[in-house]
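Okay, structure first, notes after.
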Amino acid sequence: MEKLLIKGGNSLSGKITCSGAKNAALPMIASTILSDEEVTLTNLPYLQDITTMFELLGSMGADILLNENMNFTIKSNNLKDIEARYELVKTMRASILVLGPLVAKYGKARIALPGGCAIGSRPVNYHLDSLEQMGAKIILKNGYIEASAKKLKGANIRFDGVTVTGTENLMMAATLAEGETILTNVAREPEVADLAEMLNSMGAKIDGAGSEKIRIQGVEKLNGTVFKIPADRIEAGTYLAAAAVTNGDIKIDGINPNRLMKVIEKLKNSGANIDFDEDSISFQMKNDVPDPVDITTAPFPEFPTDMQAQFSVINAISSGTANIYETIFENRFMHILELNRMGCDISVNGNHAIIKGVKSLYGAEVMATDLRASASLILAGLCAKGETVVDRIYHIDRGYERIEEKLSYLGANIVRLPS
Ligand code: EPU
């Protein structure tokens, strides 16, 4: 298994460009199922999760072509095998995103039921309940979701809880339903609005995505499109956090700062000077040591759970004590045990982590448990004394494109060790 070796102590400086967003790209790839025409996606990040989503569509019979400009063209007409097998779903829960499009376009879907994962139980009941409200028949059998509907019908649906992929699934399904669908208590994450923009460019009639209420007027069919994947706000936030723990001075190009205002606000509270324009963020740490910042994760526009682990490290080397409340996932503190092995002083009580800043961290051999947890271990390695070896980095390759290259470019001492 490959590992990352980090020699800590270098301040990050310089400029990098943000990659395309994994969590925008995944539903966009799934949405190609809704059209018989070619869809070209540009700026796709090279990530394991993207490859898995292509594998899933390929296994159903989609034609996927990589053209000379490294853009992917997908033609998902005439899918034969309307099934997401357990082998794929167990490696990537976002496979559930093909459920809505398949039922809407092909009238049926068979998707392996995702189980729990490293960050929590993560059920999909909101997806299923709301599809049922649109007239789908859903049976759970042998570990699979079997869904069918002659034609989905528009409905007034209020989600019982805010769900990002659930909102995306239903929005996609409703584009080809009969009549109007109104979704409330929806996720307002930028990736939901991005998906709506793409679907509208294919001829869908979606209004309000990014707000609390989404209105979708069903249409007969969707056309092809060419669409650029927007930049990854969590990738950008992670590099800013890396600069915060290394007393850095960096610029990130290609990212709209409005997508991470809460993260920017908290970084400023930790002692950073941040300037931005509509397409870049410049970051400079003012203090040698970050100030502690309290965090409570919540759906957008509040502080993202996907940045919680990275802020654990900022707080771990801060000048005081900070409280982090994780309200989205019940088990998203797996990184804490590993961070404590590097000298952090963090105690966890349920969904509350109390982080006492320490003078310095020291390198250790640590194990990644999920994507954002891995990012936090790398950040800890960057500011620790000595060498850190991060194992199980396949987690990081799911969501960060060429992370060691980008960090090396900013001056970090980090290399990938072959298996
Ligand atoms: N939930 C339910 N029932 C459902 C759906 C969700 O109880 O039917 C609960 C979940 O268990 C969780 C909460 O609702 O406690 C929110 O989950 P959500 O459905 O919003 O998460 P998701 O759609 O599965 C997406 C991202 C995650 C990100 C979360 C929260 C994608 C592909 N994944 O997951 O990204 O953490 O939203 O913002 O968009 C990551 O990139 O590392 C990652 C985990």
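Just so you know, ligand 1 is whichever comes first in the structure, and atom 1 is the first atom listed for that ligand. Atoms considered below: every heavy atom in the structure, side chains included; atoms not considered: hydrogens, waters and symmetry mates. The shown structure was predicted, so the numbers you read here are calculated from the model rather than taken from an experiment. Counting begins at 1 with the first residue of the sequence.
Among all non-hydrogen protein atoms, the one lying nearest atom 21 (O) of ligand 1 is Phe329 CZ, 3.9 Å. Nearest non-hydrogen protein atom to atom 2 (C) of ligand 1 is Tyr126 CE1, 3.3 Å. When hydrogens are left out, the protein atom nearest atom 44 (C) of ligand 1 is Arg332 NH2, 3.5 Å; that is the closest non-hydrogen contact. When hydrogens are left out, the protein atom nearest atom 34 (O) of ligand 1 is Arg122 NH2, 3.3 Å; that is the closest non-hydrogen contact. For atom 14 (O) of ligand 1, the closest non-hydrogen atom on the protein side is Val162 O, 4.0 Å. Distance from atom 4 (C) of ligand 1 to its nearest protein heavy atom, with residue and atom name: Pro123 O, 3.0 Å. Atom 32 (C) of ligand 1 has as its closest protein heavy atom Asn23 OD1, 3.4 Å. Nearest protein neighbour of atom 22 (P) of ligand 1, counting heavy atoms only, is Thr165 OG1, 3.6 Å.
Of the inter-residue distances, the one linking Met171 atom CE with Ile206 atom CD1 reads 4.5 Å to the nearest 0.5 angstrom.
Between Ser280 and Asp277, the side chains place a donor N or O and an acceptor N or O closer than 3.5 Å (distance only, hydrogens not considered). No hydrogens or angles considered: a donor-acceptor pair under 3.5 Å links the side chains of Arg332 and Thr305. Remark: the Asn78 side chain and the Lys80 side chain contain no N/O donor-acceptor pair separated by less than 3.5 Å. Side chains of Asn169 and His127: a donor-acceptor N/O pair is present below 3.5 angstrom, by distance only. At a cut-off of 3.5 Å, with distance as the only test, no side-chain donor of Tyr325 or Thr297 sits close to an acceptor on the other residue.
Seen from the ring of Tyr144, Arg110 counts as a face-on cation partner, given the 6.0 Å and 45° thresholds.
Remark: ligand 1 atoms within the under-4.0 Å shell around heavy atoms of Lys22 are 40 (C), 41 (O). Close approach of ligand 1 to His127 is summarised as follows: ligand atoms under 4.0 Å from at least one heavy atom of the residue are 8 (O). Within the listing of ligand 1, atoms 2 (C), 3 (N), 4 (C), 7 (O), 8 (O) sit less than 4.0 angstrom from a heavy atom of Asn125.
Other residues, nucleotides and ligands contribute more than 12 heavy atoms inside 6.0 Å of the NZ atom of Lys151.
With Glu235 as the fixed residue, the salt bridge (Lys or Arg N to Asp or Glu O under 4.0 Å) test singles out one of Arg259, Lys406, Arg372: Lys406.
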Dump the intermediate steps for ring-ring contact (aromatic ring centres under 6.0 Å, His included) on Tyr239 and Phe283, then the final yes or no. CA-CA 10 Å; Tyr239 283 99; Phe283 175 104; over 10 Å; no

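Of the candidates Asp306, Thr327, Asn331, Asp306 brings a heavy atom nearest to atom 36 (O) of ligand 1.
The N/O atoms of Arg372, backbone and side chain alike, include one that comes under 3.5 Å of an N/O atom in ligand 1. Checked against a 3.5 angstrom limit, the closest N/O atoms of Leu371 and ligand 1 fall outside it. Considering backbone and side-chain atoms together, Val164 places an N or O closer than 3.5 Å to an N or O of ligand 1.
Heavy atoms from both the backbone and the side chain of Ile328 come within less than 4.0 Å of ligand 1. At a heavy-atom distance under 4.0 Å, only side-chain atoms of Thr305, from C-beta outward, approach ligand 1.
A side chain to side chain donor-acceptor pair (under 3.5 Å) check over residues 25-45, counting only residues at least two apart or in different chains, returns the pairs Thr32-Ser76, Asp36-Lys105, Thr40-Thr73.
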